[in-house]
Structure formats: structure tokens, C-alpha cells
Amino acid sequence: MNPGEKKMGKHRGNPRFRLQCRSQTTSSKRHCFEEISIWSHSLETLLSSKYGMKVFQAFLRSEFSDENLEFWLVCEDFKTNRSSFRMSNRARKIFKCYIQAESPREINIDQKTREIIRRNIQAPSPACFDNAQKIVYSLMERDSYPRFLKSDFYKAFLDSASETTQM
């Protein structure tokens with residue numbers, strides 16, 4: 001048994017790990033199963049589900065690789081800023097945390113993109129992190145997301161939802 005299987009086995013009986021659909025009606029149980037099963041359609045579908053995004057984030061945390069999703073979410077939030085002062089402060093914080101070389105949550109982007117962002121944050125706009133965000137999304141789509149779908153983590157959620165629809 002590999003460490004991931006051992007970890008999942010420990011959580012299967014944990015009530016917090018079980019889906020919160022248990023006490024709901026049959027139609028809402030079916031909805032939970034359907035929602036969880038459609039997460040496998042695309043990363044976009046997964047991230048458009050508030051619950052799916054949280055589960056994906058928990059999976060990434062368990063692998064110590066949640067910085068890409070965290071960055072992507074921070075950028076989505078950043079785009080909603082309307083105050084130029086707040087945008088400027090926020091852009092510098094995002095740069096320090098995710099973009100700057102050797103930063104605490106450094107994302108995997110090329111040097112050219114890093115330099116473009118360095119220039120962009122001098123006069124930030126909602127789009128100043130777009131290139132890095134596209135790179136990170138692509139990385140998640142090609143790497144993290146397929147790992148998630150193959151993981152015991154996702155399978156356990158799907159199995160748990162399936163069990164609740166059969167009750």
C-alpha cells in the first residue's frame with residue numbers, strides 16, 4: 001500500500017471527509033453525485049464549481065502543490081479591483097509572493113513572462129498577470145488536474161457520493 005492509499009483509507013471513515021449530501025433528499029443526493037462526476041469533464045468545469053474548487057485545492061495542498069491554483073484565484077480576485085491604489089498595492093504583493101524569483105509561493109513561469117509582469121506592475125491594470133495566469137492554468141490542466149482525477153482523493157469523493165445516491 002502506497003502512502004496515498006494509506007492516507008485515503010484513514011479518511012474514508014472520517015465524517016468530515018464524507019460528503020455533506022447524506023442528510024439531503026434523493027434528488028439532491030443525485031445532484032451531488034452528478035456535480036462530482038462532471039468535475040471530470042474539464043478543469044474549467046471543476047473550477048466553476050465552488051465545492052469542486054475547494055476539493056481540488058485540498059488535493060493540491062495534500063501534495064504541497066497548491067501555489068498554482070492559489071495564484072490563479074488571487075489573479076481572478078485581483079481583476080475585480082477598481083481602485084488604482086488598491087490595485088497597485090495588491091499587484092506588488094502578488095509579485096512578491098508568486099512571481100519574484102525565490103518567493104515563498106513562486107510559480108513556474110519563464111523569465112520573459114516574469115519581466116513583463118515586473119514592467120506591468122509599474123502601472124497595473126486588471127490584465128497585468130494574464131500571461132502568467134494562462135501559463136499556470138495550462139500547467140494545472142496538463143499536470144495537476146489529470147493527477148487529481150486519477151487520485152484516490154477524487155475517487156473517494158465520487159464513491160462516497162455514489163453510495164449516498166444508492167441509499
Side-chain angles (χ1 to χ4, degrees), residues 1-81 90 93-99 102-110 113 126-127 129-167:
M1 182 180 282
N2 70 36
E5 289 171 334
K6 192 180 288 184
K7 217 184 279 185
M8 291 309 297
K10 181 174 83 176
H11 292 297
R12 278 187 197 261
N14 184 338
R16 289 188 313 165
F17 184 73
R18 290 286 184 180
L19 292 172
Q20 295 178 1
C21 305
R22 287 248 178 232
S23 63
Q24 298 173 348
T25 67
T26 303
S27 65
S28 62
K29 287 178 185 178
R30 190 174 9 263
H31 173 73
C32 285
F33 176 74
E34 288 170 5
E35 178 184 0
I36 292 168
S37 61
I38 65 167
W39 295 347
S40 66
H41 293 183
S42 69
L43 178 59
E44 182 180 358
T45 304
L46 174 67
L47 296 179
S48 69
S49 162
K50 189 175 182 178
Y51 185 55
M53 192 268 306
K54 296 270 187 216
V55 172
F56 185 51
Q57 193 169 32
F59 165 74
L60 293 173
R61 259 190 220 114
S62 76
E63 291 195 330
F64 304 100
S65 63
D66 61 326
E67 67 281 344
N68 285 338
L69 179 58
E70 192 177 283
F71 171 74
W72 187 83
L73 291 169
V74 165
C75 289
E76 288 296 293
D77 183 57
F78 175 79
K79 291 175 187 180
T80 65
N81 279 323
R90 192 85 171 114
K93 286 180 182 178
I94 292 170
F95 185 85
K96 276 184 173 178
C97 188
Y98 300 99
I99 307 298
E102 309 287 326
S103 61
R105 309 281 293 152
E106 184 180 358
I107 57 169
N108 186 9
I109 57 172
D110 58 275
T113 303
F129 295 105
D130 280 359
N131 288 341
Q133 194 178 15
K134 285 176 188 167
I135 291 169
V136 161
Y137 188 90
S138 178
L139 286 170
M140 288 190 299
E141 196 169 41
R142 287 190 328 262
D143 182 45
S144 308
Y145 175 64
R147 269 195 340 269
F148 170 70
L149 294 178
K150 292 175 186 171
S151 73
D152 290 339
F153 200 89
Y154 174 67
K155 289 175 186 169
F157 272 93
L158 198 55
D159 290 348
S160 179
S162 177
E163 287 171 13
T164 61
T165 59
Q166 294 171 4
M167 294 181 139

Parallel, tilted or perpendicular: which one describes the rings of [X] and [Y], with boundaries at 30° and 60°?
| X | Y | value |
| --- | --- | --- |
| Tyr137 | Trp72 | tilted |
| Phe129 | Phe71 | perpendicular |
| Phe153 | Phe148 | tilted |
| Phe56 | Tyr145 | perpendicular |

So how far is it from [X] [atom1] to [Y] [atom2], rounded to the nearest 0.5 Å?
| X | Y | atom1 | atom2 | value |
| --- | --- | --- | --- | --- |
| Asn68 | Leu73 | CG | CG | 11.0 Å |
| Leu46 | Glu35 | CG | CD | 9.5 Å |
| Glu141 | Lys134 | CD | NZ | 13.5 Å |
| Ser40 | Ile38 | OG | CD1 | 8.5 Å |
| Asp110 | Asn131 | CG | CG | 9.0 Å |
| Leu139 | Ser65 | CG | OG | 11.0 Å |

(message) Given Tyr98, which partner from the list Glu106, Arg105, Glu67, Glu70 fulfils the side chain to side chain donor-acceptor pair (under 3.5 Å) test?
(response) Glu70
Can you name the nearest heavy-atom pair linking [X] to [Y], along with the distance?
| X | Y | result |
| --- | --- | --- |
| Ser103 | Cys97 | OG-O, 3.1 Å |
| Ile107 | Ile99 | CD1-CD1, 3.7 Å |
| Thr45 | Ser48 | O-OG, 2.8 Å |
| Ile135 | Ile109 | CG2-CG2, 3.9 Å |
| Met140 | Leu43 | CB-CD2, 3.8 Å |
| Ile36 | Ala161 | CD1-CB, 3.7 Å |

(message) Does any part of the side chain of Phe59, heavy atoms only, come nearer than 4.5 Å to the side chain of Phe157, both counted from C-beta?
(response)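 No, every pair of side-chain atoms sits at 4.5 Å or beyond.
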(message) I'd like to check Leu69 versus Ser144 (side-chain heavy atoms, cut-off strictly below 4.5 Å). Are they in contact?
(response) no
(message) Taking Lys150's backbone N and O only, do any of them form a donor-acceptor pair with Lys155's side chain (distance below 3.5 Å, no angle check)?
(response) yes
(message) Working note: Lys93 + Val74, criterion side-chain contact (heavy atoms from CB on, under 4.5 Å); need CA distance, chi angles, decisive distance, verdict.
(response) CA-CA 10 Å; Lys93 286 180 182 178; Val74 165; over 6 Å; no
(message) Quick one about Gln133 and Glu76 (side-chain donor to acceptor, distance below 3.5 Å, no hydrogens or angles considered), yes or no?
(response) yes
(message) Between the side chains of Asp143 and Arg147, is the shortest nitrogen-to-carboxylate-oxygen separation below 4.0 Å, so that they form an ion pair?
(response)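 So Arg147 pairs with Asp143 through a salt bridge.
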